[in-house]
Protein chains: 2
Amino acid sequence: MTFKKMGESMNRVREYRRAKKLSQMALAEEIGVARQTINLIENGKYNPSLDLCLKLAWVLDTDLNTLFWRDEDEEK
Amino acid sequence: MTFKKMGESMNRVREYRRAKKLSQMALAEEIGVARQTINLIENGKYNPSLDLCLKLAWVLDTDLNTLFWRDEDEEK
DNA sequence: TAAAAGTGTCAAATATATATGACTTTTAAG
DNA sequence: CTTAAAAGTCATATATATTTGACACTTTTA
């Protein structure tokens, strides 16, 4: 299992979701979004909106900084 | 001057932009986005994408947590 | 080992973020 | 006070996030 770098951002949604023993479906419902949306985000296929990111952080009991970061350009 | 709560998120983009003495135009150019986009975000008129948020945090020398937060539902 | 639940993915439709160009109003300098 | 830059805003157009429904593949559990 290797990592695919498709977008410009990376995230730990899957990790945090599993820690809470939620399925993609369950998480999607809690947040009020489609299951596919969660799936695509976890697989880095696209670029969620800020609101969605905030809801994810909220439901997963974490914050934006720990959940999302940019993959390229490393440190400043 | 009073605050309008239009979206579900709040931000300190204007504050951090001014601290760097950048106009909306200058910031927009640095990030590669339209000036109106910056304007709308600063005024809470919509919901930027995660990539844009990350670029903003990057250019403004800060991070997601300090730049963006949800206005409603306060603390958990 | 069979069934069920969870996940990846595709195509088509819809909602909305973002772009472009123009114009008005506000703010900052001279 | 006058002017120019900066900021707010509108309408139209485009790109893309998100939805819906469906189906195959994989993992879990009975």
Side-chain angles (χ1 to χ4, degrees), chain A residues 1-62 64 67-73, chain B residues 1-62 64 67-73:
Chain A
M1 186 56 147
T2 174
F3 280 70
K4 312 167 192 167
K5 180 193 307 185
M6 298 217 39
E8 324 192 8
S9 63
M10 305 229 57
N11 70 80
R12 288 191 234 273
V13 172
R14 172 166 295 152
E15 185 181 339
Y16 275 72
R17 172 177 60 80
R18 284 187 170 153
K20 292 209 154 251
K21 302 202 185 288
L22 293 171
S23 67
Q24 293 182 344
M25 171 94 88
L27 176 56
E29 279 174 358
E30 273 211 53
I31 291 187
V33 78
R35 180 180 66 88
Q36 287 84 335
T37 300
I38 302 292
N39 190 353
L40 289 168
I41 291 171
E42 286 189 354
N43 290 306
K45 298 288 177 55
Y46 64 54
N47 209 354
S49 69
L50 175 60
D51 271 14
L52 180 39
C53 293
L54 286 167
K55 285 179 188 165
L56 282 168
W58 178 265
V59 167
L60 296 177
D61 279 311
T62 181
L64 293 178
L67 214 44
F68 305 99
W69 68 94
R70 61 184 309 168
D71 183 34
E72 38 197 8
D73 302 41
Chain B
M1 186 57 147
T2 173
F3 279 69
K4 313 166 192 169
K5 180 194 306 184
M6 299 219 37
E8 324 193 6
S9 62
M10 305 230 56
N11 70 80
R12 288 191 235 272
V13 172
R14 172 167 296 152
E15 185 180 338
Y16 275 72
R17 172 178 61 80
R18 284 186 171 153
K20 291 209 156 254
K21 301 201 186 289
L22 294 170
S23 67
Q24 294 182 343
M25 171 94 88
L27 176 55
E29 279 173 358
E30 274 210 52
I31 290 188
V33 79
R35 179 179 67 87
Q36 286 83 337
T37 299
I38 302 292
N39 189 357
L40 289 168
I41 291 172
E42 287 189 354
N43 290 306
K45 298 290 175 56
Y46 66 52
N47 210 354
S49 68
L50 175 59
D51 270 13
L52 181 39
C53 293
L54 286 167
K55 285 179 188 165
L56 282 167
W58 179 265
V59 167
L60 297 177
D61 280 309
T62 181
L64 293 178
L67 214 44
F68 306 99
W69 68 94
R70 61 185 307 165
D71 182 36
E72 36 197 11
D73 302 43

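Note that the coordinates shown come from a computational prediction; the quantities given were computed from them, not determined experimentally. Convention: sequence-line order gives letters A, B, ...; per-chain numbering from 1.
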Original post:
What bend angle does the helix from dT1(C)-dA30(D) to dG30(C)-dC1(D) show across its length, from five-pair end axes and to the nearest 10 degrees?
Top reply: 60°
Write down the distance between [atom1] ([X]) and [atom2] ([N]), rounded to a whole number of angstrom.
{"X": "Leu50(A)", "N": "dA17(D)", "atom1": "CG", "atom2": "P", "result": "15 Å"}
{"X": "Leu27(B)", "N": "dG8(D)", "atom1": "CG", "atom2": "P", "result": "13 Å"}
{"X": "Ile38(A)", "N": "dG8(C)", "atom1": "CD1", "atom2": "C1'", "result": "14 Å"}
{"X": "Asn47(A)", "N": "dT16(C)", "atom1": "CG", "atom2": "C1'", "result": "13 Å"}
{"X": "Leu56(B)", "N": "dA17(C)", "atom1": "CG", "atom2": "P", "result": "15 Å"}
{"X": "Glu29(B)", "N": "dA7(D)", "atom1": "CD", "atom2": "C1'", "result": "15 Å"}
{"X": "Leu40(A)", "N": "dA17(D)", "atom1": "CG", "atom2": "P", "result": "10 Å"}
{"X": "Ile31(A)", "N": "dA17(D)", "atom1": "CD1", "atom2": "C1'", "result": "15 Å"}

**OP:** May I ask you to decide if Ile41(A)'s main-chain N or O and Asn11(A)'s side chain share a donor-acceptor pair within less than 3.5 Å?
**Re:** yes
Does [N] have OP1 or OP2 under 4.0 Å away from a side-chain N or O of [X]?
{"X": "Ser49(B)", "N": "dA17(D)", "result": "no"}
{"X": "Lys45(A)", "N": "dA17(D)", "result": "no"}
{"X": "Asn39(B)", "N": "dT9(D)", "result": "no"}

With rounding to the nearest 0.5 Å, note down the distance linking [atom1] in [X] to [atom2] in [Y].
{"X": "Tyr46(B)", "Y": "Leu50(A)", "atom1": "OH", "atom2": "CG", "answer": "12.5 Å"}
{"X": "Trp58(A)", "Y": "Asp51(A)", "atom1": "CH2", "atom2": "CG", "answer": "13.5 Å"}
{"X": "Leu54(B)", "Y": "Met10(A)", "atom1": "CG", "atom2": "CE", "answer": "12.0 Å"}

Original post:
Just wondering, do Cys53(A) and Leu64(A) contact through their side chains at under 4.5 Å, heavy atoms?
Top reply: yes
Original post:
What pairs meet the side-chain hydrogen bond (donor to acceptor under 3.5 Å, both in side chains) rule with one or both residues in residues 29-42 of chain A, with sequence neighbours excluded?
Top reply: Arg14(A)-Glu42(A), Arg17(A)-Glu42(A), Gln24(A)-Glu42(A), Asn39(A)-Asn43(A)
Original post:
After noting the C-alpha distance and the side-chain angles of Lys20(B) and Asp61(B), does the key distance pass the side-chain contact (heavy atoms from CB on, under 4.5 Å) rule?
Top reply: CA-CA 9 Å; Lys20(B) 291 209 156 254; Asp61(B) 280 309; 2.6 Å; yes
Original post:
At under 4.0 Å between heavy atoms, what does Leu52(B) touch on the DNA or RNA strands: base, sugar-phosphate, or nothing?
Top reply: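 Leu52(B): backbone/sugar contact only, no base atoms under 4.0 Å.
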Each nucleotide N or O in nucleotides 26-29 of chain C that has a protein N or O under 3.5 Å away: list the pair and distance.
none

Original post:
With sequence neighbours excluded, what pairs up with Ile31(B) under the side-chain contact (heavy atoms from CB on, under 4.5 Å) test?
Top reply: Leu27(B), Val33(B), Leu52(B), Lys55(B), Leu56(B), Val59(B)
Review item, nucleotides 2-6 of chain D N/O atoms under 3.5 Å of protein N/O:
none

Original post:
Between dT18(D), dT7(C), dT18(C), which one does the side chain of Thr37(B) approach most closely?
Top reply: dT18(C)
Original post:
In B/S/- notation, 5' to 3', how is nucleotides 21-30 of chain D contacted by protein heavy atoms closer than 4.0 Å?
Top reply: BB--------
